[in-house]
Amino acid sequence: MERSPGAKLSVSATTRAKRPQEIEGVNYFFKTQDEFRRMIEADEFLEYIQVFGLNYYGTPRAFVEEELDHGNDIVLEIDVNGAMKVKAAYPDSVCIFIAPPTMSDIMTRLYGRGTENESAILRRYREAFGEMRFLPQYDYVVVNDVIDKAVNAVCHIVDAEKCRVSRNGELIKHYEEELNEDDKLPTD
C-alpha cells in the first residue's frame, strides 16, 4: 500500500469476535449475525461467505464503489470464491493469486501463528489446498516467498494494468481529437 499512491485497502465486515489488538473499521467492521444478514438482504456486499458454517466475512459494496468513483485502486484480501464473484461483477477487475512457495509452507505458517488448534490448522490447510485449484482463473500469480520480491511483483502488475489501452479512454479521446485537428492541416 505504501508503494502505490491512490491504492486503498478494503476493510471487510465479519461476525467473528474481535481480537484484542484489532480496531473497528481498520482491521474489520465487526457485525452481529443479525446485522450481517440484514446487509446481505439489502445487497450491501460485493461478495460474502460464511466460513465453516460459523462466521461471515464480506466486502461492503459502498466503500469500494465510492473509492472507485474517486479514481482510487481498491485492494481486496478475499478468498477464491469471493474473487470469482467480484470478477463476475467487475470483469475489468484484476485478480492476483498470492501463492505459497510450496504447500508445506502453508502448514509451517499456520503452526507458526500459534493462534489455532490442530484441527483448525488441518481444516485451513485442506481449504488452502482446494483454493489452489482456482489459480488458472486468476489474471496473475505471485509467489509469496521473499516479501520484497512479492510486493514488487504486485506493484509491477498494478503499474502495467494502468497502462492498458482499455483503461486509458481519456488519453485515447485526447489523441483522437488531435488527429481530427490534423485532418484540417493544409496538404502539399
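Note that these values count all heavy atoms, side chains included, but never hydrogens, waters or copies made by symmetry. Note that the numbering runs from 1 along the sequence shown for the chain. Computed from a prediction, not measured in an experiment: that's the story for all the values here.
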Looking only at the side chains, is there a donor atom on one of [X] and [Y] sitting less than 3.5 Å from an acceptor on the other?
{"X": "Tyr90", "Y": "Glu65", "value": "yes"}
{"X": "Asp105", "Y": "Thr108", "value": "no"}
{"X": "Glu118", "Y": "Tyr111", "value": "yes"}
{"X": "Arg19", "Y": "Asn27", "value": "no"}
{"X": "Asn117", "Y": "Ser119", "value": "yes"}

Problem - Side-chain heavy-atom pair Glu161, Asp139 within 4.5 angstrom cut-off - result: no
Handout entry: Side-chain heavy-atom pair Tyr140, Val154 within 4.5 angstrom cut-off
Key = no
Problem - Face-on cation placement of Lys85 at Tyr48 ring, 6.0 Å and 45° thresholds - result: yes
Problem - NZ (Lys18) with more than 12 external heavy atoms under 6.0 Å - result: yes
Exercise for the section: Inspect the surroundings of CD in Glu77 and state if more than 12 heavy atoms from other residues, nucleotides or ligands are less than 6.0 Å away. Expected result: no
Problem - Qualifying residues under side-chain hydrogen bond (donor to acceptor under 3.5 Å, both in side chains), relative to Glu47, sequence neighbours excluded - result: Thr59
Exercise for the section: Taking all non-hydrogen atoms of both residues into account, name the closest pair between Leu9 and Val75 and its distance. Expected result: CD1-O, 3.5 Å
Practice task
On the 0 to 90° scale, with breaks at 30° and 60°, tag the Tyr138-Phe97 ring pair as parallel, tilted or perpendicular.
Solution key: perpendicular
Handout entry: Pair Glu178-His174, side-chain hydrogen bond (donor to acceptor under 3.5 Å, both in side chains): steps then yes or no
Key = CA-CA 6 Å; Glu178 285 186 342; His174 171 75; 3.1 Å; yes
